[in-house]
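Following: one structure in structure tokens, then a few remarks.
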Amino acid sequence: MTTAFRRTRAIIDTQALRHNCQQLHAFAPQSQILATVKADAYGHGAYTVADTLYGCAEQLGVAFIDEALDLRQQGIQQPIVLLDGCFSETELQLCCEHHFIPVVHSPQQVSALLAANLPQPLPVWLKLDSGMHRLGLDAAAFSAALNDLKAHRNVKEIVAMTHFAAADDTASNYTQTQLEAFDAVMAKHAEIPCSVANSAGLAYWPKARRAWLRSGLLLYGVSPNPHLAAPFALVPAMSLTAPVIAIRDIPAGACVGYGARWQAQRPSRIATLAIGYGDGYPRHARDGTPVFLNGQVVPLAGRVSMDMITLDITDLDAVEIGDEAELWGKALSVHKVAEACDTIAYELLTRLSQRVPREVI
Ligand SMILES: *Cc1c(COP(=O)(O)O)cnc(C)c1O
């Protein structure tokens, strides 16, 4: 799709990405970093992020093999972990060919790996289900698999991993319980490098900073918990901007947008911006959802349309057609928008559509 004329765009700040990655290395100097670039790097552009973090993040992580093959086709060379693993022998062969590292999380994947006829041994990440009950082997199957894989011709290095269900909740003891379950299983395998933490795990749980940190949100410059600062300074890597394309004055009592949801309580000035749910701006945004325009936060007024949103700019002076608003980014945290839409930052970032050009700076 061509977007030569479109001014609505997501500005992707490569310096911010590198800054966040370097900060993370300084914060946890004993660990290596796997940068999760699944879902087009949470909307930032997988190629851009992978290319930018070359030399800083030691490995990349994607959900499934097509995402990894795309990166290879674009010339990305870092090792790539397939977080959902492989689902056929062909995929395992492609791992050998392209230097992908499959997660092995189910009895079926263990058997398939042991039975495969591979040209060379593969590094793998073996996953324990320590309490999330989504992916991973139970303790007994994990220990058995570890013993089988350690000596097997198809297997090179092994990293032991697990995933936390509630690491962003520092008041919950769930993470501590998961860590204890993981460490109990690993007690007999001290030589094996481990990876337990996502962004929230590494930020808030010091004991989770093991050999490999798996981080997405934090590298994109967003704190893993909307109400808790990250333990080091982050710079948001995405700024979503859209221009004002119309301005009008309406009398008290007049309504704005579909369903006439918003009604002016006083004579009001309304600005229309060129972004809507067709771009990934959430349709569920409530009246009052913050938007940053000309140095101030102004409220959304009226339902989000496919291509447009409307703002109450009555209290702003000097707004002109062409002025650019920030929907989220450095001036306005994506968390604030997510909160006003009953969702989370991850969803807003990953749902940004291909209709929004990414401008890499
Ligand atoms: C996506 C993903 C991560 C990264 O999560 P963030 O919260 O963005 O840091 C870590 N581990 C696994 C298994 C993942 O799928």
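As the structure lists them, so they are numbered: ligands from 1, and atoms in each ligand from 1. Fair warning: this is a prediction, and the values are worked out from it, not measured in the lab. All heavy atoms count here, side chains included; hydrogens, waters and symmetry mates do not. The residues of the chain are indexed from 1 along the displayed sequence.
Residue-ligand proximity: L83 is placed with a non-hydrogen atom under 4.0 Å from ligand 1. At least one heavy atom of S215 sits closer than 4.0 Å to an atom of ligand 1. Ligand 1 does not have Y220 within reach: every non-hydrogen atom of the residue lies 4.0 Å or more from it.
The residues R266 and D312 are annotated as salt-bridged, a charged nitrogen and a carboxylate oxygen being separated by less than 4.0 angstrom.
For atom 11 (N) of ligand 1, the closest heavy atom belonging to the protein is R214 NE, 2.9 Å. With hydrogens left out, the protein atom closest to atom 7 (O) of ligand 1 is Y346 OH, 2.6 Å, a heavy atom. Nearest protein neighbour of atom 8 (O) of ligand 1, counting heavy atoms only, is Y42 OH, 2.6 Å. The single protein non-hydrogen atom nearest to atom 13 (C) of ligand 1 is H163 ND1, 3.7 Å, given as residue, atom name and distance. Nearest non-hydrogen protein atom to atom 2 (C) of ligand 1 is K38 NZ, 2.4 Å.
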Full working for side-chain hydrogen bond (donor to acceptor under 3.5 Å, both in side chains) between S195 and R214: CA-CA 7 Å; S195 176; R214 308 188 303 271; 2.9 Å; yes
Audit row: D40, H44, side-chain hydrogen bond (donor to acceptor under 3.5 Å, both in side chains) steps and yes/no: CA-CA 6 Å; D40 205 24; H44 294 67; over 6 Å; no
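A208 and G201 get closest at one heavy-atom pair: CB-O, 3.7 Å.
Checking only distances, G216 does come within under 3.5 Å of ligand 1, N or O to N or O. Considering both main-chain and side-chain atoms, S199 comes within under 3.5 Å of ligand 1 through a nitrogen or oxygen pair.
Annotation for ligand 1: atoms under 4.0 Å from non-hydrogen atoms of L217 are 6 (P), 8 (O), 9 (O).
Using modelled atom types and a 3.5 Å distance limit, the side chains of Q77 and H98 yield no donor-acceptor pair. Side-chain contact, E97 with Q93: no donor N or O sits under 3.5 Å from an acceptor N or O.
Taking the six-membered ring where the residue is Trp, W125 and W212 present tilted rings, their angle falling between 30° and 60°.
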